[in-house]
Amino acid sequence: MVQPLLQVENLLVRFGGILALNHVSFAVAEGSITALIGPNGAGKTTVFNCLTGFYRAHEGRILLREGEGARDLVRELGGFWGGTHRVARAGIARTFQNIRLFADMSVLENLLVAQHRQLNRNLISGFLQLASFRKAEAEAIDFAHFWLKTVGLEGSANQLAGALSYGNQRRLEIARSMCTRPRLICLDEPAAGLNPKETDQLAELIRALRSEHKVTVLVIEHDMSLVMGISEHIIVLNYGQVIAAADPQAIQHDPKVLAAYLGSEDQA
Amino acid sequence: MAKTRLIQRILAALGAGIIAFILVGPIMGLKIEGYDFVANWTSPLTLAAFVCIARLVLGYVPLDRIRHSHSDTAPRQTKRSPVQVAALGVLLVVLAASLPFFASKYWISVSIIALIYVLLGLGLNIVVGLAGLLDLGFVGFYAVGAYGYALGFKYFGLGFWGALPTGALMAGLFGAILGFPVLRMHGDYLAIVTLGFGEIIRLILNNWLDVTGGPNGLDAPPPTFFGWEFKRAATQGGVPFHEVFNLDYSPQVLDSFVYLVLLAAVVITIYAVMRLRRMPVGRAWEALREDEIACRSLGLNHVTIKLSAFMMGASIGGVAGVFFAAYQGFVSPVSFSFFESALVLAIVVLGGMGSLTGVVLSALFLTMMPEFLREFADYRILVFGFAMVLIMLWKPRGLVQMRRPYFGLRGN
């Protein structure tokens with residue numbers, strides 16, 4: 001079996017006395033669309049925040065494959081130079097449940113900030129506009145336009161990000177995280193607040209991310225038709241534990257999953 | 001419709017007047033003379049009438065429209081070509097540079113102070129306007145620059161030209177020292193810590209008598225031009241500037257010289273900040289102002305970004321301090337009180353956070369205005385506060401709004 005891109009082992013997170021994640025283990029295969037579902041308060045967003053470096057897990061490992069070996073993302077958070085940004089630089093990008101764009105900056109600038117690492121950050125060459133600086137800027141602008149086209153926002157490059165419609169803001173956020181050139185993109189409820197037509201477009205976009213842009217997708221979503229339609233692998237969380245991990249067909253008939261969502265007779 | 005609104009307004013005005021009369025009537029209207037009350041209703045009635053009229057006028061002020069005035073800072077394709085913009089800039093600089101050749105010594109001094117505040121405003125604009133970090137202790141860096149020059153001269157014989165980079169470097173270092181403890185702070189808390197920082201610097205300068213001379217201050221030497229001094233007779237066998245160029249001695253030459261060097265520094269700073277806004281560092285500052293969490297999720301190290309903003313702003317403040325010390329010839333802690341911080345912050349807020357033109361104009365306005373209004377010197381702070389309130393009401397984002405850079409379409 002191929003080693004998965006992301007391997008989560010025995011993740012444990014406490015908030016005070018509450019065990020938010022209780023020995024959560026799962027794997028995300030390279031090039032897959034994996035969904036993380038579960039009732040409200042199951043710990044989905046906590047898992048996301050651990051993966052993307054916003055929370056530090058108390059126990060467990062998050063291994064991101066790198067060449068032959070793997071990098072433990074939990075360790076990237078420690079130390080003087082550690083922090084969330086190191087996880088992002090390792091190749092994990094994310095979007096947020098409540099959109100977090102740079103609202104007062106233009107759409108294109110949002111995408112340029114995401115490419116910060118690829119740009120020429122030398123102050124001298126920037127002040128003097130040396131050729132190397134201009135080249136890096138031009139490439140970044142081209143890359144930004146490429147992603148604007150991909151998500152269908154090519155006409156809005158010079159608008160303020162905050163002035164876009166809600167659906168377009170969601171798409172821009174995806175484009176922005178893709179501009180960091182990630183290997184794994186984590187989408188936190190990307191369909192929240194979208195109408196059915198926009199949700200269909202979103203499903204198309206997510207499929208394109210995987211098939212055309214060769215990025216692995218991990219998605220949290222409550223819209224079951226979207227989840228069942230796009231994902232190959234589904235992980236179900238409940239009360240901080242993984243209760244099922246299988247393909248969509250199996251999940252739909254899993255008694256534990258049904259019990260978690262609908263309640264079972266013997267519990268009632 | 002219009003009629004009922006008029007009636008409503010009149011009723012509201014009458015109501016306000018009656019309330020005012022009830023409130024002030026007993027206080028102002030009844031006076032005790034001996035053992036009796038003497039009623040004098042004219043003054044409370046006048047006051048009530050005034051309130052009444054004021055309320056009526058207030059009804060006609062479109063408060064809603066003022067408060068909800070939507071700002072549009074979206075990028076627009078400029079109508080002027082870069083050549084035209086550059087030409088305009090050069091024209092302005094040439095005009096400004098010609099000032100010492102016709103203006104009086106008084107106006108040159110005023111312009112020097114104004115330009116120092118432009119420099120301070122530009123520095124604070126990076127911290128507050130671009131990076132969104134509210135800094136109430138900016139005067140601390142100004143003091144570091146000024147005292148850096150004076151102390152450097154006293155103990156190490158540092159000259160003006162050496163002091164410019166050293167002052168910038170030292171102030172930048174202090175910016176980093178301040179930056180580290182406040183990395184986790186936002187908004188009000190950050191403001192309080194920076195306020196304390198500015199005061200600490202002033203108190204150290206004031207109380208460390210052995211080194212800084214305390215309240216007595218320190219001398220700072222005037223600048224020289226390639227070693228030629230701007231004095232009537234040079235010290236220790238040197239040659240004064242006017243003899244080298246066969247000019248008549250004039251005390252105005254020194255001021256003109258400081259003015260021109262300062263102008264050059266301001267022009268360079270303006271250019272640098274203009275470039276910064278289109279550079280990765282500047283964009284990262286603005287992104288940090290907009291959303292720190294999103295920044296981190298994109299792989300930006302918020303620690304270095306915050307520190308770089310603090311340091312860059314502080315260095316510019318330090319340079320301003322060196323100019324201040326060199327021009328005054330003397331530094332003392334009195335010049336670095338909290339009021340200076342507040343004034344610089346007012347310059348940034350009034351001009352429009354992040355906007356270069358706005359900051360430059362408001363710095364010129366706020367430092368020149370008191371000179372024009374010498375007769376009203378007592379009311380200076382009052383006018384100042386009033387202007388701030390008006391700006392907050394009408395233009396919450398400042399007089400000149402920052403416009404985002406426009407990116408032309410490429411490749412298609």
Side-chain angles (χ1 to χ4, degrees), chain A residues 52-54 80-81 83-90 92-96 99-106 108-110 112-121 123 125-129 133 136-138 140-142 144-146 149 154 157-163 173 176-177 179-180 182, chain B residues 70-78 129-130 132 180 183 268-269 271-305 308 311-312 315 353-354 397 401-412:
Chain A
T52 51
F54 281 91
F80 183 73
W81 295 112
T84 311
H85 58 280
R86 300 261 300 186
V87 175
R89 289 175 194 180
I92 295 190
R94 74 169 293 176
T95 64
F96 294 87
I99 304 170
R100 286 182 173 275
L101 287 169
F102 307 127
D104 259 354
M105 297 172 79
S106 75
L108 202 84
E109 279 179 300
N110 268 270
L112 291 181
V113 171
Q115 300 181 67
H116 191 71
R117 304 274 304 153
Q118 275 79 37
L119 290 168
N120 183 343
R121 279 162 292 147
L123 284 182
S125 51
F127 285 139
L128 301 178
Q129 300 188 61
F133 173 82
E137 287 285 302
I141 291 171
D142 284 346
H145 275 300
F146 167 75
K149 204 168 226 169
E154 60 265 58
N158 281 307
Q159 279 180 24
L160 290 188
E173 210 188 12
R176 189 180 65 178
S177 12
C179 276
T180 62
Chain B
H70 185 68
S71 59
D72 176 33
T73 57
R76 233 185 267 149
Q77 200 159 13
T78 44
L130 295 185
F180 262 109
L183 282 174
I268 292 171
T269 313
Y271 175 76
V273 179
M274 260 165 69
R275 286 297 318 152
L276 274 171
R277 287 199 48 210
R278 283 170 161 271
M279 275 160 61
V281 193
R283 278 197 295 260
W285 289 338
E286 294 198 64
L288 191 77
R289 176 194 68 203
E290 295 293 313
D291 196 323
E292 186 179 323
I293 288 180
C295 266
R296 281 158 59 192
S297 83
L298 297 174
L300 274 67
N301 187 349
H302 65 290
V303 173
T304 46
I305 295 172
S308 64
M311 289 176 72
M312 192 75 80
S315 313
M353 302 235 245
R397 281 159 181 258
Q401 281 177 11
M402 172 167 66
R403 189 158 287 285
R404 307 233 53 91
Y406 180 87
F407 292 93
L409 279 177
R410 292 172 47 88
N412 47 354

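Chain letters run A, B, ... following the sequence lines, proteins first and then strands; every chain starts at 1. Note that the coordinates shown come from a computational prediction; the quantities given were computed from them, not determined experimentally.
Pairing each heavy atom of B/Ala294 with each of A/Arg100, the nearest pair is CB-O, 3.5 Å. Of all non-hydrogen atoms in B/Arg296 and A/Ala88, the two that sit nearest each other are O-CB, 3.9 Å. Residues A/Asn120 and A/Ala136 approach most closely at N-CB, 3.8 Å, considering heavy atoms.
Contact count versus chain B (heavy atoms, under 4.5 Å) is highest, among A/Gln129, A/Arg86, A/Arg94, for A/Gln129. The candidate with the highest count of non-hydrogen atom pairs below 4.5 Å against chain B, out of A/Leu119, A/Ile92, A/Leu112, A/Thr180, is A/Leu112. Of the listed residues B/Arg289, B/Glu290, B/Arg278, B/Met274, the one with more heavy-atom pairs under 4.5 angstrom with chain A than any other is B/Glu290. In terms of heavy-atom pairs under 4.5 angstrom with chain B, the leader among A/Arg121, A/Arg89, A/Gln115, A/Glu109 is A/Glu109.
For A/Phe96, the part lying under 4.5 angstrom from a heavy atom of chain B is the side chain only.
Here B/Met311 pairs with B/Ala176 under the side-chain contact (heavy atoms from CB on, under 4.5 Å) rule; sequence neighbours left out.
Of the charged side-chain nitrogens involved, none lies within less than 4.0 Å of a carboxylate oxygen, so that B/Glu286 and B/Arg283 do not count as a salt-bridged pair.
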